[in-house]
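Okay, structure first, notes after.
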Amino acid sequence: MADKHISRDGRNDYVDSLLDPKIYTGNDCTEEEPENQNLWPRPVARKWNLMLFMGTCLLYCARMAMPICAVSMAATFHWSKIDSGLVLGGFFWGYCLTQILGGHASDKVGGEWVLFISAASWGLITAGTPFLSQLGSHTFALMTLARFLMGLFQGVFFPSLASLCSQRVVEGERAFLMSIMHSGSYLGTLLAGGLGSLMLDRYGWESMFYIIGFLAGLWAFIVWQCFLKGKITPKQMETRNNSQCKMSRTRWLSLFKKPSVWAMVFAHVCMCSTSYTLLSWLPTYFKESFPHGMGPVYNVVPWLAAIPSALVGGYFSDLLIDKGFGVALVRKIMQFFAMGVSSIFVLLLSGAVEFSSAVIYVSVALSASTFNSSGVNVQDLTPSCAGALYGFMNMLGAFMGLVMVSVSGYLIDITLSWAAVFSLITLVNATGLGVFLIFGDARRVDLKDYCQVIVI
């Protein structure tokens, strides 16, 4: 009787085991755990979305503080144009150095902690910049150092965000989260430009650094108090998917042999370089081509248009995936808008256009560029090391941005025309888009030997 009871329990366990979905790999049928243990619950995700949006906004406010105050600071400290350029350029050298390091650290310990430490650091540097300017006669060196440190600590932000998104957010909601972050950057640029001008006139350039630094510190305090204090951030899951992807030198070399990875990196570098070029030269283009044009119009309208566009693009991308469209197809569609459609409107600026038409073309071009999906694609291909890889391609994008901005200035001096610059931007975007459309993919490649995942 006892034997019969045991046998019945055994059959029940067997049936239950068949009904219990488990994940096996096609190579060796090794059992894996479901990959949802580290995902944020929806209420927590909503809170983080708001905090990350505000953090990105403050990040760009702090980043734009010195460029906005550069004229006033140059007059105060008797800087030449070359001196101002060197001080402002210090940011990019620091920004490039910590991209990979920030992403790698986020992959290991969690992006929440890296973002917290980063915000506290660059917030302190921002608030302390006016004090550094009063320490002695070496103001130029101290301001360059402050700008370098700003770039150093802000360089970890977006790689950490990519890592955080790949570990805590489901695939069908990643694009919208990234679009929220990018819309925060546009809002930060707007606030820094609009409110910064008022503060400069009334309270002096120091006030802008004090307020932005204080707000950044307040943001870091809230994150610590509400999300991190007394809590242990779960490490990246030790499932077979990730244990297969210990990012040794051999694994990195293997990863960079994948065409889809290089297509994503190449498209991202092209996109970054053209974006830096537009950001650097558009104000000069409007000022020289339309000397009587209203500055607030061309400095504000394109960014206002980009904010809702970024949100719509992310929502539309996730909606298509939810409707059953392939992830790779959706990524390519969005990239076509970001690099293809935007380039068409950039190229229209090469001809003789009216001021209103130029503002519309630029607004559409910037709005379309917010559909960029290369930052999301890295989470599709390599979720276990998304932060480090995003940092790598962001570093290349920053370097190429500096090169392309310089080449564009040379072309303007030689040709005395903006058509060459806009044609160069179109060519670079078209090349990056073509490579991504041909070789881009969304299948995960950080698994050993492309293990096929089978759900039973």
Side-chain angles (χ1 to χ4, degrees), residues 50-77 79 83-84 86-95 97-98 102 112-158 160-161 181 184-229:
L50 177 61
M51 291 305 299
L52 292 175
F53 173 81
M54 295 172 62
T56 309
C57 180
L58 290 172
L59 179 95
Y60 269 78
C61 284
R63 184 179 299 186
M64 294 299 296
M66 190 168 288
I68 291 172
C69 299
V71 175
S72 299
M73 296 176 71
T76 302
F77 303 121
W79 290 343
D83 293 335
S84 298
L86 290 174
V87 171
L88 296 175
F91 174 87
F92 293 100
W93 295 110
Y95 189 72
L97 289 179
T98 52
E112 300 96 328
W113 289 95
V114 178
L115 290 175
F116 163 71
I117 296 172
S118 168
S121 300
W122 56 257
L124 180 63
I125 292 170
T126 303
T129 297
F131 296 104
L132 287 177
S133 68
Q134 301 172 6
L135 290 181
S137 58
H138 303 289
T139 306
F140 170 76
L142 291 172
M143 292 298 97
T144 304
L145 176 62
R147 191 69 177 161
F148 173 81
L149 292 176
M150 173 74 72
L152 202 68
F153 288 111
Q154 287 200 357
V156 306
F157 186 87
F158 282 104
S160 299
L161 187 61
M181 301 308 102
S185 68
Y186 303 135
L187 179 60
T189 303
L190 276 176
L191 292 177
L195 298 180
S197 300
L198 296 176
M199 294 168 62
L200 278 174
D201 295 336
R202 295 187 179 185
Y203 307 109
W205 65 268
E206 296 89 349
S207 62
M208 189 170 182
F209 287 90
Y210 290 142
I211 292 178
I212 294 175
F214 170 77
L215 292 176
L218 180 62
W219 183 88
F221 175 78
I222 293 174
V223 169
W224 164 258
Q225 195 70 25
C226 299
F227 297 96
L228 301 179
K229 184 179 180 181

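We find the CZ-CE distance between F92 and M150 to be 12.5 Å, quoted to the nearest 0.5 Å. Summarising the geometry, atom CG belonging to L132 is positioned 10.5 Å from atom CZ belonging to F209; distances are rounded to the nearest 0.5 Å. Taking NE2 of H138 as the start and OG1 of T144 as the end, the distance is 13.0 Å to the nearest 0.5 Å. Atom OG1 of residue T126 and atom CZ of residue R63 lie 11.0 Å apart, to the nearest 0.5 angstrom. In this structure, CE on M54 lies 8.5 Å from CG on L215, to the nearest 0.5 angstrom. Separating the SG atom in C57 from the CG atom in L187 is a distance of 4.0 Å, to the nearest 0.5 Å.
Contact between I125 and A146 at its shortest, heavy atoms only, is CG2-O, 3.7 Å. Nearest approach of A192 to C61, heavy atoms of both residues: CB-CA, 4.0 Å. Between A127 and P130, the closest heavy-atom pair is O-CD, 3.4 Å. Nearest heavy-atom pair across A70 and L88 is CB-CD1, 4.4 Å. In plain terms, the two heavy atoms of G123 and A216 that are nearest each other are CA-CB, 3.7 Å. Closest approach of M73 and M143 over heavy atoms only: CE-SD, 3.7 Å.
Between the T98 side chain and the L152 main chain, a donor and an acceptor come within less than 3.5 Å of each other. In this structure a side-chain-to-backbone donor-acceptor pair under 3.5 Å is present from Q154 to L59. In this structure a side-chain-to-backbone donor-acceptor pair under 3.5 Å is missing from S118 to F157. The backbone N or O of M51 lies less than 3.5 Å from a partner atom in the side chain of W219, making a donor-acceptor pair. Remark: side-chain polar atoms of S72 are not paired, donor with acceptor, to backbone N or O of C69 under 3.5 angstrom.
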> So F221 and C226, side-chain contact (heavy atoms from CB on, under 4.5 Å) or not? Walk me through it.
Replying inline: CA-CA 8 Å; F221 175 78; C226 299; over 6 Å; no

> W224 and F116: ring pair (Phe, Tyr, Trp, His ring centres under 6.0 Å), yes or no, with the steps?
Replying inline: CA-CA 7 Å; W224 164 258; F116 163 71; 5.8 Å; yes

>> Between L58 and W122, is the side-chain contact (heavy atoms from CB on, under 4.5 Å) condition met? List the steps.
In response: CA-CA 10 Å; L58 290 172; W122 56 257; 4.1 Å; yes

>> With side-chain contact (heavy atoms from CB on, under 4.5 Å) as the criterion, how do F77 and F140 come out once you've worked through the C-alpha distance, each side chain's angles and the decisive distance to 0.1 Å?
In response: CA-CA 8 Å; F77 303 121; F140 170 76; over 6 Å; no

>> Between L228 and V223, does the side-chain contact (heavy atoms from CB on, under 4.5 Å) criterion hold? Intermediate values first, please.
In response: CA-CA 7 Å; L228 301 179; V223 169; 4.0 Å; yes

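Side-chain atoms of T129 and M66, non-hydrogen and from C-beta on, do get closer than 4.5 Å to each other.
The aromatic rings of Y60 and F158 stand perpendicular to each other, their planes meeting at an angle above 60°, with 30° marking the opposite boundary.
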